[in-house]
Amino acid sequence: MTTFRIAPSILSADFARLGEEVRNVVTAGADIIHFDVMDNHYVPNLTIGPLVCEAIRPHVQVPIDVHLMVKPVDRIIPDFAKAGANIITFHPEASEHIDRSLQLIRDNGCKSGLVFNPGTPLHYLEHVMDKIDIILIMSVNPGFGGQSFIPHTLKKIAEARRMINESGRDIMLEVDGGIKIDNIAAAAAAGADTFVAGSAIFGKPDYKAVIDAMRAELAKVAGA
């Protein structure tokens with residue numbers, strides 16, 4: 001049976017009380033904290049760095065999933081590992097040597113993965129599946145929270161699931177962008193098992209109610 005994971009993105013949290021926010025969302029049922037890093041270079045926005053990761057690490061026991069939207073990536077990977085990240089993913093376009101970057105993440109004690117934008121093909125995976133712990137499919141173009149889910153992403157999720165199954169490896173399949181109560185089941189049915197949600201959770205007054213509703217939708221897929 002598939003294990004589904006909810007990963008709230010702190011990009012949509014109240015940064016003035018971030019420690020409280022991550023504690024509250026974990027208490028509400030979150031499995032992972034998703035940490036979006038943007039550099040105003042690879043993507044047209046600037047967010048947070050290793051110091052913030054280090055600051056929230058003592059507040060939660062669940063894994064911190066760092067999504068690097070930066071270029072280049074290798075310089076910053078050890079900093080996030082040292083700051084308490086458990087999972088580090090990056091975009092293949094942002095690395096000159098994808099295999100080396102994946103190995104660097106693992107050498108620093110973290111799970112490693114690649115992130116695919118809506119227009120990025122999955123063929124990058126073909127030669128590095130042995131170094132992949134997680135595949136992240138973007139269902140919006142990266143850079144900003146609150147965007148709408150791109151339906152064509154469902155086909156890419158299904159393709160990634162096929163590649164994982166054929167590899168025989170235990171690889172998480174995460175989806176990020178516009179995930180809400182009304183579309184999480186479709187993403188799960190396509191093959192995703194880990195779901196990043198930002199404004200859909202942090203934008204609501206009752207985090208537990210939203211996460212519970214998402215799990216209810218996922219249970220329908222699990223029981224289908």
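The side-chain contact (heavy atoms from CB on, under 4.5 Å) test with Phe90 is passed by exactly one of Leu104, Leu102, Val70, Val115: Leu102.
Looking at residues two or more places apart in sequence or on another chain, you find a salt bridge (Lys or Arg N to Asp or Glu O under 4.0 Å) between Lys208 and Asp212. Taking Asp206 as the reference, nothing meets the salt bridge (Lys or Arg N to Asp or Glu O under 4.0 Å) condition, with sequence neighbours excluded. For the ring-ring contact (aromatic ring centres under 6.0 Å, His included) test, residues two or more places apart in sequence or in another chain that qualify with Tyr42 are His91. Residues satisfying the salt bridge (Lys or Arg N to Asp or Glu O under 4.0 Å) test with Arg100, not counting sequence neighbours, are none. Residues satisfying the salt bridge (Lys or Arg N to Asp or Glu O under 4.0 Å) test with Arg17, not counting sequence neighbours, are Asp14, Glu20, Glu21.
Residues Ser95 and Ser101 have side chains that bring a donor and an acceptor to within less than 3.5 angstrom of each other.
Sorted by first and then second residue, the ring-ring contact (aromatic ring centres under 6.0 Å, His included) pairs with a member in residues 101-141 form an empty list; sequence neighbours excluded. Sequence neighbours left out, the pairs with a member in residues 159-173 that pass side-chain hydrogen bond (donor to acceptor under 3.5 Å, both in side chains) are Arg161-Asp193, Arg162-Glu166. Counting only residues at least two apart or on different chains, the salt bridge (charged side-chain N to carboxylate O under 4.0 Å, His left out) pairs with a member in residues 63-78 are Arg75-Asp79. Counting only residues at least two apart or in different chains, side-chain hydrogen bond (donor to acceptor under 3.5 Å, both in side chains) contacts with residues 176-186 comprise His34-Asp176. Judged as a ring-ring contact (aromatic ring centres under 6.0 Å, His included), the pairs with a partner in residues 164-200 (not counting sequence neighbours) are, in order, Phe4-Phe195. Residue pairs meeting the salt bridge (charged side-chain N to carboxylate O under 4.0 Å, His left out) criterion with at least one partner in residues 22-38, sequence neighbours excluded, are Asp31-Arg215. Evaluation of the ring-ring contact (aromatic ring centres under 6.0 Å, His included) test over residues 153-178, restricted to residues two or more places apart or in two chains, returns none.
For the pair Arg57/Asn86, a side-chain contact is recorded, criterion being any heavy-atom separation below 4.5 Å from C-beta on. The closest side-chain heavy-atom distance from Thr194 to Thr3 is not below 4.5 Å. By the 4.5 Å heavy-atom criterion applied to side chains, Ile135 and Glu174 are not counted as neighbours. Annotation: side chain of Ile88 is in contact with side chain of Leu68 (closest heavy-atom distance under 4.5 Å).
Both Phe202 and Phe15 belong to a single network of hydrophobic side chains, linked directly or stepwise wherever heavy atoms of I, L, V, M, F, W or Y lie under 4.5 Å apart. Under a hydrophobic-cluster definition in which Ile, Leu, Val, Met, Phe, Trp and Tyr are linked whenever side-chain heavy atoms come within less than 4.5 Å, directly or via other members, Ile10 and Leu136 are assigned to different clusters.
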- Could you walk me through whether Leu218 and Ile6 pass the side-chain contact (heavy atoms from CB on, under 4.5 Å) check? CA-CA 10 Å; Leu218 293 171; Ile6 306 290; 3.9 Å; yes
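Considering every non-hydrogen atom in both Ile32 and Met172, the closest pair reads CD1-CE, 4.0 Å.
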